[in-house]
Novice: 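Have a look at this one before I ask anything.
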Amino acid sequence: MTWLLATILLPLVGAAVVAGMKKNDRLATLTALAVSILTFLLVIPLWASYSPTGDRIQQKSSMDWIPNFGIHISFGIDGIALVMIAVIGLLVPIVVGALGLTDKLPAGRSAGGFLSLILVQEALTIAVFAATDVFLFYVLFEIMLIPMYFLIGGYGGANRQYAAVKFFLYSFLGGLIMLASAIGAYSMASDELGKGTFDWETLVTVVRDAPTGTQIWLFLGFFLAFAIKAPLVPFHTWLPDAAGQAPIGVAVLLVGVLDKVGTFGFLRYCLPMFPEASKELAPFVLVLAVAGVLYGSILAAGQRDMKRFIAYVSIAHFGFIALGIFTFNEQAMVGSVSYMLNHSLATGMLIVVVGLIVMRGGSTKISDYGGMAKVTPLLGGMLLIAGLSTLSLPGTNSFISEFLVLLGSFVDYPVYTIIATVGMVLAAAYVLWLYQRVMQGPVRGDALMGAGGGPGTAIAPELGATKAIKDLGGKEIAILAPMVVLIIALGFYPKPVLDTITPSVQATMSSVQGGK
């Protein structure tokens, strides 16, 4: 039993326990919170036992699954996977603790059912980052869609069924195409070694020497699955619907964590296994990346719904991440990996803050708010911090990531980099526009005006009553505090994260440069 296996298994055990607590929402919530906190605490020895200068894959464990086909249940982590597992461990306790503050469960739905799905989602997401058998990765890639489908379809907004089905079908189809490429890689290993295998480290050494034309076909199968998950334009259309309809806590995991499986897949599978194909198709991917930066930024500025606004902001950010990966520059790639972490923190906090606003105002429409900082100054401050991190203000965590991406990519692709910087300008515009509309100016909108016409009282028709608008309470501050601390701390001292991911990035670069 390794620390990694314990981190995967604990949420699964917790989910089984919580699922049986359908009649006691409070006990289910406390149990799920305890399990998620313990899972996060397991990340501490997992991180402490990881040596950046050690083997590329650490915390290895493996057992036979389908030995006749060379399939194993194998797990292990590099620095990139470790960082993503850490952010999952952080976000899930926040999602669980925020239940009731950012979301109200539909009538007849128990907290036990909802939280058990959250814990299953956590376990599967950690496992997909840790899988070192390609077939196991594919299975987890597909299975992790199931709890998210039920979380969106069972607990989301008015159009939740449409959003859930669209999310599932897009990712499921991408996974099937990836499976075809994985089988192709397996066949190549069988021809080369005399027996087939799905072991990632073995496939890297076999497939990377294949003819470029063969690599391109296999690369495209993996790339399409990851481009949908990431999501890159034009494979992105499921995200605004899914994020717009998902409950706030589910949106945190969807936009903050699950999307990173796509960019992680580029780094773990596309580049090391198909180095020549990656180089040949890099210009095409860079066009998609830059288009995503501009497209996401422009559409974010035109949104009227706060949750869809965040979805389009994320599409723009994933363009930056893809830009850094496919320039094949070490600085840019380190920036992309750290961007994966920092985007999770910034966007996760932004979604939680939006959830707190919506719970007070009863609407996700930006036009239904105005002057809210006069009524809730602490909440206004939290929105400002999350927004500044989102636009990569110096001193916040996202700045160093965006800076490294642009600095590294400019060396070989100055035109793409210059175009991408337009997205930085647009980011400042749309984030400050959101803050200005919601928090500044005169208090306006039914959400913030009481029956007497004064601020401080909200009309909540769905609750059948009028309730007083209150600023952040102690529990809400405790939920937001870890993200605020990390946003500021990593803004001024990103060294621990950069030291962890740099050797893994260098190993990936070595795989690409060592191609034919």
Side-chain angles (χ1 to χ4, degrees), residues 11-12 14-16 18-22 25 28-29 32 88 91-92 95-96 98-100 102-125 127-128 139-176 225 228-231 235-262 305-312 314-315 347-348 351-352 354-355 358-359 363-364 462:
L12 286 177
V18 171
M21 300 178 177
K22 294 183 178 180
D25 285 357
T29 302
I88 299 166
L91 290 178
V92 172
V95 167
V96 175
L99 182 63
T102 58
D103 288 302
K104 291 292 185 183
L105 296 178
R109 300 279 185 171
S110 68
F114 178 82
L115 293 173
S116 63
L117 288 172
I118 291 289
L119 292 176
V120 170
Q121 189 70 65
E122 178 181 24
L124 292 176
T125 308
V128 83
V139 171
L140 293 169
F141 185 89
E142 299 286 42
I143 290 179
M144 69 186 296
L145 303 177
I146 297 174
M148 184 57 65
Y149 168 82
F150 285 110
L151 285 167
I152 298 172
Y155 300 89
N159 294 320
R160 59 185 179 273
Q161 293 296 336
Y162 169 78
V165 170
K166 188 174 183 180
F167 158 78
F168 186 89
L169 290 180
Y170 267 60
S171 293
F172 184 72
L173 176 61
L176 289 177
I228 291 172
K229 184 72 74 177
F235 311 105
H236 68 286
T237 57
W238 62 270
L239 180 61
D241 292 316
Q245 294 300 315
I248 289 295
V250 177
V252 170
L253 299 182
L254 177 65
V255 181
V257 179
L258 263 69
D259 290 356
K260 306 304 186 303
V261 174
D305 181 279
M306 284 186 278
K307 292 169 73 175
R308 291 181 67 88
F309 167 85
I310 295 172
Y312 282 106
S314 294
I315 290 170
T347 305
I351 295 172
V352 171
V354 165
V358 172
M359 284 295 286
S363 173
T364 61
E462 72 282 1

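One is the number of the first residue; the rest follow in order along the sequence.
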Novice: Check whether any side-chain N or O of Trp238 sits under 3.5 Å from a backbone N or O of Ile228 as a donor-acceptor pair, and report yes or no.
Specialist: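 Looks like yes, one N/O pair under 3.5 Å.
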Novice: Only counting residues at least two apart or in another chain, list the ones meeting side-chain hydrogen bond (donor to acceptor under 3.5 Å, both in side chains) with Thr102.
Specialist: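 Result, side-chain hydrogen bond (donor to acceptor under 3.5 Å, both in side chains) vs Thr102: none returned.
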Novice: Supply the atom-to-atom distance Leu254 CG to Thr347 OG1, rounded to the nearest 0.5 angstrom.
Specialist: 11.5 Å
Novice: Atom CD in Gln121, atom CG in Leu258: separation rounded to 0.5 Å?
Specialist: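 Here the interatomic distance stands at 5.0 Å.
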Novice: Would you list the atom pairs, donor with acceptor, under 3.5 Å between side chains in residues 152-163 and any protein atom, with sequence neighbours excluded?
Specialist:
unit_1, atom_1, unit_2, atom_2, d
Tyr155, OH, Phe114, N, 3.3
Arg160, NE, Gly153, O, 3.2
Arg160, NH1, Gly157, O, 3.1
Gln161, NE2, Gly153, O, 3.0

Novice: If I compare all heavy atoms of Phe141 with all of Ser171, which pair ends up nearest, and what's the gap?
Specialist: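 Shortest heavy-atom separation between Phe141 and Ser171 comes out as CE2-O, 3.9 Å.
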Novice: Nearest 0.5 Å, please: how far is CD1 in Ile248 from CE in Met306?
Specialist: 8.5 Å
Novice: Quick check against the 3.5 Å criterion: does Lys307 have a side-chain atom that pairs as donor or acceptor with the backbone of Asp241?
Specialist: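 No, Lys307 side chain to Asp241 backbone: no donor-acceptor pair under 3.5 Å.
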Novice: Can you see which heavy atom on Leu115 is nearest to which on Thr29, and at what distance?
Specialist: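 Looking at all heavy atoms of both residues, the shortest contact is CD1-CA, 3.5 Å.
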Novice: Find out whether Ile351 and Val255 are in side-chain contact, i.e. whether some heavy atom of one side chain is under 4.5 Å from a heavy atom of the other.
Specialist: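 Ile351 reaches Val255 side chain to side chain.
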Novice: Roughly how far, to the nearest 0.5 Å, is the CZ atom of Arg308 from the CG atom of Leu239?
Specialist: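 Interatomic distance, Leu239 CG to Arg308 CZ, rounded to 0.5 Å: 9.5 Å.
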Novice: Which atom pair, heavy atoms only, marks the closest approach of Ala251 to Ala246?
Specialist: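 The answer is N-CB, 4.1 Å.
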Novice: With sequence neighbours left out, what residues match Phe168 under ring pair (Phe, Tyr, Trp, His ring centres under 6.0 Å)?
Specialist: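 Partners of Phe168 by the ring pair (Phe, Tyr, Trp, His ring centres under 6.0 Å) criterion, ordered by chain and then number, come out as Tyr149, Phe172.
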Novice: At their closest point, which heavy atom of Val18 faces which heavy atom of Ala32, and how far apart are they?
Specialist: CG2-N, 3.9 Å
Novice: Is the side chain of Asp103 donor-acceptor paired with the backbone N or O of Gly249 at a distance under 3.5 Å, no angle test?
Specialist: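 Confirmed, Asp103 side chain pairs with Gly249 backbone.
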Novice: Could you grab the distance from atom CD1 of Ile310 to atom CD1 of Ile315, nearest 0.5 Å is fine?
Specialist: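 Ile310 CD1 to Ile315 CD1: 12.5 Å, rounded to 0.5 Å.
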Novice: Tell me, with the steps shown, if Leu99 and Leu105 meet side chain to side chain contact (heavy atoms under 4.5 Å, CB included).
Specialist: CA-CA 9 Å; Leu99 182 63; Leu105 296 178; 4.0 Å; yes
Novice: So which atom in Ala225 and which in Gly175 form the shortest heavy-atom distance, rounded to 0.1 Å?
Specialist: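 For Ala225 versus Gly175, the nearest heavy atoms are CB-N, 4.2 Å.
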Novice: Taking the side chain as every heavy atom from C-beta outward, state whether Val120 and Ile146 have any pair of such atoms under 4.5 Å apart.
Specialist: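 No; the side chains remain at least 4.5 Å from each other.
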Novice: Minimum heavy-atom separation for Ala311 to Ala243, with atom names?
Specialist: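 Heavy atoms only, the tightest pair is CB-CB, 4.0 Å.
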Novice: Quick one: pull up OG in Ser314 and NE2 in His236 and give me the separation to the nearest 0.5 Å.
Specialist: 12.5 Å
Novice: List the steps and the verdict of side chain to side chain contact (heavy atoms under 4.5 Å, CB included) for Leu176 and Glu142.
Specialist: CA-CA 9 Å; Leu176 289 177; Glu142 299 286 42; 4.2 Å; yes
Novice: Is Val261 close to Met144 at the side-chain level, that is, under 4.5 Å between some pair of heavy atoms?
Specialist: yes
